[in-house]
Amino acid sequence: MSVRDPYRHPVVILYRDTTVGFFVLHEGKNIASFTNNRNTMLIRAFSVNLIHQGKRCTKRAFHLLTAFVMKHFPNINEIVLAVNETNKLYEKSRFQDKGIRRMEKIGLPLILQRY
């Protein structure tokens with residue numbers, strides 16, 4: 001028996017009826033260390049299958065993300081994610097580095113925001 005976490009929402013990325021990726025939208029008090037905004041959604045575990053990388057699947061998913069969040073979570077007005085400093089794809093997808101840092105097990109990632 002599995003327990004569903006009401007604050008984590010798994011999302012599958014489809015391209016032409018094929019699953020190409022996955023991520024989790026996380027909300028609630030457990031993401032407070034990423035932002036002071038109570039109406040924030042954190043993107044966790046964003047992953048695109050290796051054979052679909054470089055085919056604009058990630059870029060398209062981020063293009064559709066805001067509309068998806070607005071439709072399914074109308075109270076959310078900010079989306080955040082933590083990324084490796086060398087990953088520039090997210091900045092190209094209208095996420096902004098506001099200088100927030102939070103130590104993680106993997107190091108010190110950038111905390112990017114999108115309103």
Side-chain angles (χ1 to χ4, degrees):
M1 174 188 239
S2 67
V3 177
R4 187 176 186 300
D5 182 341
Y7 300 105
R8 294 181 191 234
H9 313 282
V11 180
V12 174
I13 303 168
L14 298 174
Y15 177 72
R16 296 185 179 166
D17 297 325
T18 300
T19 300
V20 298
F22 172 85
F23 60 95
V24 175
L25 294 173
H26 188 183
E27 63 181 325
K29 64 182 179 181
N30 289 335
I31 67 166
S33 61
F34 291 92
T35 180
N36 293 328
N37 183 351
R38 297 183 74 160
N39 297 320
T40 297
M41 190 72 75
L42 172 66
I43 299 172
R44 290 190 178 273
F46 189 95
S47 177
V48 172
N49 187 314
L50 185 60
I51 64 170
H52 295 288
Q53 291 178 7
K55 297 181 181 178
R56 298 183 173 245
C57 294
T58 303
K59 186 175 181 179
R60 182 78 175 135
F62 278 114
H63 177 74
L64 297 171
L65 180 64
T66 301
F68 178 85
V69 169
M70 288 174 63
K71 177 180 178 181
H72 296 284
F73 308 95
N75 62 313
I76 299 299
N77 60 22
E78 178 186 35
I79 303 169
V80 297
L81 69 147
V83 299
N84 183 299
E85 189 173 16
T86 60
N87 194 329
K88 300 300 179 189
L89 174 66
Y90 300 100
E91 289 178 353
K92 292 177 183 176
S93 298
R94 299 185 336 205
F95 281 90
Q96 299 174 348
D97 181 2
K98 299 290 187 176
I100 300 168
R101 301 294 182 266
R102 176 181 177 226
M103 185 53 75
E104 296 283 330
K105 292 176 188 174
I106 60 169
L108 188 65
L110 304 177
I111 307 299
L112 303 181
Q113 301 165 297
R114 184 177 185 182
Y115 295 95

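The structure presented is a predicted model; accordingly, all values stated were derived computationally and were not measured. Counting from 1, the numbers follow the sequence of the chain as shown.
- Distance check: T19 OG1 to H52 NE2 gives 8.5 Å after rounding to the nearest 0.5 Å.
- Looking at E27 and I76, their side chains come closer than 4.5 Å, going by heavy atoms from C-beta outward.
- A 4.5 Å side-chain heavy-atom check between I31 and T40 finds at least one atom pair inside the cut-off.
- With a 4.5 Å cut-off on side-chain heavy atoms, L25 and R8 do not count as touching.
- A heavy-atom distance below 4.5 Å is found between the side chains of V80 and E78.
- Note on L81 and M70: separate hydrophobic clusters, where clusters join Ile, Leu, Val, Met, Phe, Trp and Tyr whose side-chain heavy atoms are under 4.5 Å apart, directly or indirectly.
- The neighbour count for N75 CG, taken as heavy atoms of other residues, nucleotides or ligands under 6.0 Å away, is above 12.
- In this structure, G28 and Y7 approach most closely via the heavy-atom pair CA-CD2, 4.1 Å.
- Residues L14 and V48 do not share a hydrophobic cluster, defined by chaining ILVMFWY side chains whose heavy atoms lie under 4.5 Å apart.
- For the atom pair CZ of F34 and NE2 of H26, the computed distance is 9.0 Å after rounding to the nearest 0.5 Å.
- Counting only heavy atoms from C-beta outward, the side chains of I79 and L65 approach each other to under 4.5 Å.
- Two residues are said to be in side-chain contact when any heavy atoms from C-beta on lie closer than 4.5 Å; N77 and N37 meet this criterion.
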Yes or no on side chain to side chain contact (heavy atoms under 4.5 Å, CB included) for F62 and I43, after CA distance, side-chain angles and deciding distance? CA-CA 11 Å; F62 278 114; I43 299 172; 3.8 Å; yes
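- Within the model, atoms OG1 of T58 and NZ of K55 stand 11.5 Å from one another, a figure rounded to the nearest 0.5 Å.
- Within the 4.5 Å cutoff, the side chain of N49 has no heavy atoms near those of the Q53 side chain.
- Remark: F22 pairs with no residue by the ring-ring contact (aromatic ring centres under 6.0 Å, His included) rule, at least two apart or across chains.
- At a threshold of 4.5 Å between side-chain heavy atoms, the hydrophobic network of Ile, Leu, Val, Met, Phe, Trp and Tyr places V24 and V12 in one connected group.
- Side-chain contact between I13 and F23: present, with at least one pair of heavy atoms (C-beta onward) separated by less than 4.5 Å.
- In this pair, F73 and H9 present their aromatic rings tilted. The plane angle is within the 30 to 60° band.
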